[in-house]
*Asks:* 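Pasting a structure here, questions to come.
These numbers were taken from a predicted model, which means no experiment stands behind them. Both backbone and side-chain heavy atoms feed into the values below; hydrogens, waters and symmetry mates do not. Lettering of chains follows the sequences in order, A, B, ..., and the numbering in each one begins at 1.
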2 protein chains.
Amino acid sequence: MVTEMDTITILVVDDHHIVRQGLVALLKTVPGFTVMAEASDGAEAVDLYAKHHPDVTLMDLRLPKLGGVDAIARIREKNPGARIIVLTTFDGDEDIFRALQAGAKGYLLKGMDTDELTEAIRSVYAGKSRIPAVVAEKLAERMSGPALTTRELEVLRLIVGGRSNKEIAGELFISEATVKTHINSLLSKLGVTDRTQAATTALQRGIVHLDS
Amino acid sequence: MVTEMDTITILVVDDHHIVRQGLVALLKTVPGFTVMAEASDGAEAVDLYAKHHPDVTLMDLRLPKLGGVDAIARIREKNPGARIIVLTTFDGDEDIFRALQAGAKGYLLKGMDTDELTEAIRSVYAGKSRIPAVVAEKLAERMSGPALTTRELEVLRLIVGGRSNKEIAGELFISEATVKTHINSLLSKLGVTDRTQAATTALQRGIVHLDS
DNA sequence: CGGCGTCTCCATCTTTTGATGGATGGCGTC
DNA sequence: GACGCCATCCATCAAAAGATGGAGACGCCG
């Protein structure tokens, strides 16, 4: 139960200065919310969490130095009760999934209005978790397929990297035939029929990222 | 020349509520800047520009209804003197290029600090254009290669869409052999060796987008 | 006009890719 | 330990993709 008197302390984590400003400005208008700290990368987020122990943390996933997912994991490692809301411009399902695995309690899309944001913060603060319908849907879709094995993921990453089967075989020290087997199973797991589709859907679903 | 007395009126265009708030909050702290209007999509941006004629427009490229590039083009069609700064989280070179083609005078990345932002606004207001080094570099890189033809672009889009050569041939009413020719030339223009690389670099360079 | 560039189109040959079927070894459960 | 389960590995064969060389159509400029 949250009384009118309580003030919810918040840590904001985002590498974009403008977004941080936006969140602070937005949250300042809501009575009962206090932004107690701001971090611009994952490592700083971990430090600031340890120092301030905010009630709720709003965290972007794409962060320099230490990724959002890892930051969440580290924070919750030492503070299992940490209430963290992921706030991102839709990166793809896989990131959502991993963030929730790592212990995020909510997942919000930038571009939501103030009401949605404040309501989510209050919900999560109250111990509930909060996943918007769009996200839940994507999540369910992702769940449908079986998970890729470690090897399959490695191969997939190399495919997205533009390597040929021969090159993949060389880099993984396996035969080209084996590479094909892995490709075959990952193709069927992803529900596609060739490597190009595998690459694009992997990117779309956020299973791998283009490092630009 | 800008005197101390002048106030620069600004139109902010971004579909993310939070980003708009951030910009407004940020700009409010700078004396001489006035955010006179905010738009959340391209169509609204065009309308509000016509209504207010701001000195400078800050515009995101990824917008609902009417894309940022098109919005820039429409605004400058009627107002050739319009000073527009693109403000985006790096979408890929092609978008930068098209935005500048459409008449954008500056290109900023979200995540820049207040000084860079204000300086860019003042520069553009003064009639100069302002492209950060990172962006200029990418732009030069893009310029290096020859442009894809209309047909090649169509084929490329279908490749990214996961179509086979046979399917592409069917959709474009040409023979499969012809498809291969187009692919061959676009491969060399993109500087890659197969369709998967073509797909990923096309996405990376923002030549095509995954519509998710 | 004549030549030049370029976009479009097509056929043949080689390489790569993907489909299929099957073998090995680890790991947990009963 | 015996069993199934699954990840990993491999070989063979058909299909798709890519390299190469070349032809006709069109606009542009000297």
Side-chain angles (χ1 to χ4, degrees), chain A residues 94 97-98 101 142-205 207-208, chain B residues 94 97-98 101 142-205 207-208:
Chain A
E94 203 62 25
F97 182 72
R98 282 200 286 260
Q101 283 264 319
R142 184 231 117 100
M143 292 302 200
S144 65
L148 298 183
T149 70
T150 312
R151 210 56 165 170
E152 286 161 359
L153 252 181
E154 288 178 297
V155 172
L156 181 56
R157 259 189 274 272
L158 291 169
I159 286 177
V160 174
R163 311 297 202 294
S164 71
N165 289 347
K166 191 177 295 188
E167 290 170 328
I168 295 174
E171 297 194 33
L172 298 183
F173 304 105
I174 59 181
S175 91
E176 201 180 328
T178 303
V179 173
K180 292 186 182 183
T181 306
H182 291 308
I183 291 179
N184 240 287
S185 42
L186 72 85
L187 287 183
S188 68
K189 284 183 185 175
L190 292 179
V192 297
T193 62
D194 61 64
R195 60 172 49 217
T196 305
Q197 289 179 13
T200 53
T201 67
L203 289 172
Q204 193 164 33
R205 287 178 42 173
I207 299 172
V208 300
Chain B
E94 204 61 24
F97 181 72
R98 282 200 287 259
Q101 283 264 319
R142 183 233 116 101
M143 292 301 200
S144 66
L148 298 184
T149 70
T150 312
R151 210 56 165 170
E152 285 162 0
L153 251 181
E154 288 177 300
V155 173
L156 181 55
R157 259 189 274 273
L158 291 169
I159 286 178
V160 174
R163 311 298 202 296
S164 70
N165 289 348
K166 190 177 297 188
E167 290 170 328
I168 295 174
E171 298 195 34
L172 298 182
F173 303 104
I174 58 182
S175 90
E176 199 180 331
T178 303
V179 173
K180 291 186 181 184
T181 306
H182 291 307
I183 291 179
N184 240 287
S185 41
L186 73 85
L187 287 184
S188 68
K189 285 183 185 175
L190 292 178
V192 299
T193 61
D194 61 63
R195 58 172 50 217
T196 306
Q197 290 178 14
T200 53
T201 68
L203 290 172
Q204 193 164 35
R205 288 180 40 175
I207 300 172
V208 300

*Asks:* Report the residues that fulfil side chain to side chain contact (heavy atoms under 4.5 Å, CB included) with Ser175(B), sequence neighbours left out, ordered by chain and then residue number.
*Replies:* Ala177(B), Thr178(B)
*Asks:* How many angstroms lie between atom NZ of Lys189(B) and atom NE2 of His182(B), to the nearest 0.5 angstrom?
*Replies:* 10.5 Å
*Asks:* What pairs with Thr181(B) under side chain to side chain contact (heavy atoms under 4.5 Å, CB included), at least two apart in sequence or on another chain?
*Replies:* none
*Asks:* Can you pull out how bent the helix from dC1(C)-dG30(D) to dC30(C)-dG1(D) is, comparing the axes over its first five and last five pairs, to 10°?
*Replies:* 30°
*Asks:* Donor-acceptor pairs under 3.5 Å, side chain of residues 165-173 of chain A to any protein atom, not counting sequence neighbours: which ones?
*Replies:*
{"unit_1": "Asn165(A)", "atom_1": "OD1", "unit_2": "Arg195(A)", "atom_2": "NH2", "d": "2.1"}
{"unit_1": "Glu167(A)", "atom_1": "OE1", "unit_2": "Ser164(A)", "atom_2": "N", "d": "2.8"}
{"unit_1": "Glu171(A)", "atom_1": "OE2", "unit_2": "Arg163(A)", "atom_2": "NE", "d": "2.9"}

*Asks:* Tell me every residue that passes side chain to side chain donor-acceptor pair (under 3.5 Å) with Thr200(A), counting only those two or more places apart in sequence or in another chain.
*Replies:* none
*Asks:* Go through the structure and list residues passing side chain to side chain contact (heavy atoms under 4.5 Å, CB included) with Ser185(B), not counting sequence neighbours.
*Replies:* Glu152(B)
*Asks:* Just the rounded figure in Å: distance from P of dT8(C) to CD of Glu152(B).
*Replies:* 7 Å
*Asks:* If you take all heavy atoms of Asp194(A) and Gly162(B), which pair is closest and at what distance?
*Replies:* OD2-O, 3.9 Å
*Asks:* Expressed as a whole number of angstroms, how long is the span from Glu154(B):CD to dC7(C):P?
*Replies:* 14 Å
*Asks:* Between the protein and nucleotides 16-18 of chain C, list every N/O to N/O distance that falls short of 3.5 Å.
*Replies:*
{"unit_1": "dT17(C)", "atom_1": "OP2", "unit_2": "Asn165(A)", "atom_2": "N", "d": "3.0"}
{"unit_1": "dT17(C)", "atom_1": "O4", "unit_2": "Lys180(A)", "atom_2": "NZ", "d": "3.4"}
{"unit_1": "dG18(C)", "atom_1": "OP1", "unit_2": "Arg195(A)", "atom_2": "N", "d": "2.7"}
{"unit_1": "dG18(C)", "atom_1": "OP2", "unit_2": "Arg195(A)", "atom_2": "NE", "d": "3.1"}
{"unit_1": "dG18(C)", "atom_1": "N7", "unit_2": "Lys180(A)", "atom_2": "NZ", "d": "3.4"}
{"unit_1": "dG18(C)", "atom_1": "O6", "unit_2": "Lys180(A)", "atom_2": "NZ", "d": "2.6"}

*Asks:* With heavy atoms of chain A within less than 4.0 Å as the criterion, where does contact along DNA chain D begin and end?
*Replies:* dA7(D) to dA11(D)
*Asks:* Ile207(B) and side-chain contact (heavy atoms from CB on, under 4.5 Å): which single residue from Leu190(B), Leu186(B), Thr201(B) fits?
*Replies:* Leu190(B)
*Asks:* Heavy atoms under 4.0 Å is the rule here; annotate nucleotides 22-28 of chain C 5' to 3' with B where the base is hit, S where only the sugar-phosphate is, and - elsewhere.
*Replies:* -------
*Asks:* Mind listing the closest non-hydrogen atom pair of Leu156(A) and Ala198(A) along with its distance?
*Replies:* CD1-O, 4.0 Å
*Asks:* Take Arg157(A) and Glu154(A) through the test salt bridge (Lys or Arg N to Asp or Glu O under 4.0 Å) and record every step on the way to the result.
*Replies:* CA-CA 5 Å; Arg157(A) 259 189 274 272; Glu154(A) 288 178 297; over 6 Å; no
*Asks:* Val208(B) and side-chain contact (heavy atoms from CB on, under 4.5 Å): which partner among Ile159(B), Val160(B), Leu158(B)?
*Replies:* Val160(B)
*Asks:* Applying side chain to side chain contact (heavy atoms under 4.5 Å, CB included), name anything that partners Ser188(A), two or more places apart in sequence or on another chain.
*Replies:* none
*Asks:* Mind checking salt bridge (charged side-chain N to carboxylate O under 4.0 Å, His left out) for Glu176(A) and listing every partner two or more places apart, or none if nothing turns up?
*Replies:* none
